[in-house]
Colleague: 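One structure follows; several queries about it will come next.
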Amino acid sequence: MNVTIDASEFNTIEELHELLKEKLSFPEDYADTLDDLWDSLMNHCTLPLNLYWTDFEVSRTLIGDSLNEFVVLLNEAHDEIDDFIIEFQ
């Protein structure tokens, strides 16, 4: 599955969580937390998954330092899941 996230699609961490929930078909009880993001990536994603984040630097400018934990988690998921690729463009 190929999924693209663009900076123009969200303005807050909460909106980013909602966007991922929609695009990756996370469960309805997804709670917009990093713990739930990890659990959903590990257990509820259709693999293989190629996640492309376009205009990443725009996202970083809009959201700021709180985006760092998100990026760390996505990179850790990439390291743990064989069929998960993430590209920050």
Side-chain angles (χ1 to χ4, degrees):
M1 173 161 71
N2 293 319
V3 175
T4 300
I5 297 170
D6 187 81
S8 66
E9 296 179 286
F10 60 94
N11 294 307
T12 66
I13 287 287
E14 293 79 15
E15 290 176 359
L16 176 56
H17 276 287
E18 287 301 313
L19 183 65
L20 287 171
K21 178 181 177 180
E22 176 186 320
K23 289 194 172 198
L24 299 177
S25 302
F26 288 167
E28 284 301 313
D29 63 350
Y30 178 78
D32 297 352
T33 66
L34 291 175
D35 286 339
D36 271 8
L37 176 59
W38 180 262
D39 182 57
S40 293
L41 287 170
M42 292 295 139
N43 300 304
H44 302 290
C45 279
T46 301
L47 298 174
L49 173 60
N50 300 311
L51 182 61
Y52 305 103
W53 191 327
T54 58
D55 290 329
F56 176 74
E57 289 304 319
V58 173
S59 300
R60 187 180 297 279
T61 300
L62 281 171
I63 295 177
D65 290 340
S66 60
L67 191 61
N68 292 341
E69 291 177 327
F70 222 94
V71 171
V72 167
L73 185 143
L74 291 173
N75 282 322
E76 288 176 357
H78 165 73
D79 292 343
E80 292 288 323
I81 304 169
D82 290 333
D83 291 329
F84 175 50
I85 295 171
I86 183 159
E87 290 184 16
F88 300 99
Q89 305 170 342

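Reckoned from all heavy atoms, side chains included, excluding hydrogens, waters and symmetry mates. Treat the numbers as computed from the prediction; the structure is a model and nothing was measured.
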Colleague: Can you check whether Trp53 reaches Leu74 side chain to side chain, under 4.5 Å on heavy atoms?
Modeller: yes
Colleague: Between Asp6, Leu67, Ile5, Thr61, which is the residue that forms a side-chain contact (heavy atoms from CB on, under 4.5 Å) with Phe56?
Modeller: Leu67
Colleague: Considering all heavy atoms of both residues, which atom of Thr4 and which atom of Lys23 are nearest to each other, and what is their separation?
Modeller: O-NZ, 2.5 Å
Colleague: Could you check whether atom CD of Glu15 has more than 12 heavy atoms from other residues, nucleotides or ligands sitting under 6.0 Å from it?
Modeller: yes
Colleague: Show the nearest heavy-atom pair for residues Trp38 and Ala77, with the distance to one decimal.
Modeller: CZ3-N, 3.5 Å
Colleague: Would you check if the side chain of Asp36 reaches a backbone N or O of Ala31 as a donor-acceptor pair within less than 3.5 Å?
Modeller: yes
Colleague: If two hydrophobic side chains count as joined below 4.5 Å and joins carry through other members, does Phe70 share a cluster with Ile85?
Modeller: no
Colleague: Could you walk me through whether Asn68 and Arg60 pass the side chain to side chain contact (heavy atoms under 4.5 Å, CB included) test, one step at a time?
Modeller: CA-CA 8 Å; Asn68 292 341; Arg60 187 180 297 279; 2.7 Å; yes
Colleague: Between Leu20 and Leu41, is there a side-chain heavy-atom distance shorter than 4.5 Å?
Modeller: no
Colleague: Is the Phe26-His17 ring centre distance short of 6.0 angstrom?
Modeller: no
Colleague: Please report the C-alpha distance between His78 and Leu51 in whole Å, then the side-chain angles of each, then the deciding distance to 0.1 Å, and finally whether the side chain to side chain contact (heavy atoms under 4.5 Å, CB included) criterion is met.
Modeller: CA-CA 10 Å; His78 165 73; Leu51 182 61; over 6 Å; no
Colleague: Apply side chain to side chain donor-acceptor pair (under 3.5 Å) to Asp39 and list each qualifying residue two or more places apart in sequence or on a separate chain.
Modeller: Asn43
Colleague: Enter the distance from Asp29:CG to Lys21:NZ here, rounded to the nearest 0.5 Å.
Modeller: 8.0 Å
Colleague: To the nearest 0.5 Å, what is the distance between OH on Tyr30 and CG on Asp35?
Modeller: 10.0 Å
Colleague: If you compare all heavy atoms of Ala7 against all heavy atoms of Leu62, which two are closest, and at what distance to 0.1 Å?
Modeller: O-CD1, 4.3 Å
Colleague: What residues form a side chain to side chain donor-acceptor pair (under 3.5 Å) with Asn11, not counting sequence neighbours?
Modeller: none
Colleague: In the single-linkage hydrophobic clustering (I, L, V, M, F, W, Y; side-chain heavy atoms under 4.5 Å), do Phe88 and Leu16 co-cluster?
Modeller: yes
Colleague: With rounding to the nearest 0.5 angstrom, report the CG to OG1 distance, Leu19 to Thr12.
Modeller: 10.5 Å
Colleague: Let me check something: do Val72 and Leu37 share a hydrophobic cluster, defined by ILVMFWY side-chain heavy atoms less than 4.5 Å apart, either directly or through other members?
Modeller: no
Colleague: For the atom pair CD1 (Ile86) and CD (Gln89), what is the distance rounded to the nearest 0.5 Å?
Modeller: 10.0 Å
Colleague: How far does CE of Met42 sit from CD of Glu76, to the nearest 0.5 angstrom?
Modeller: 8.5 Å
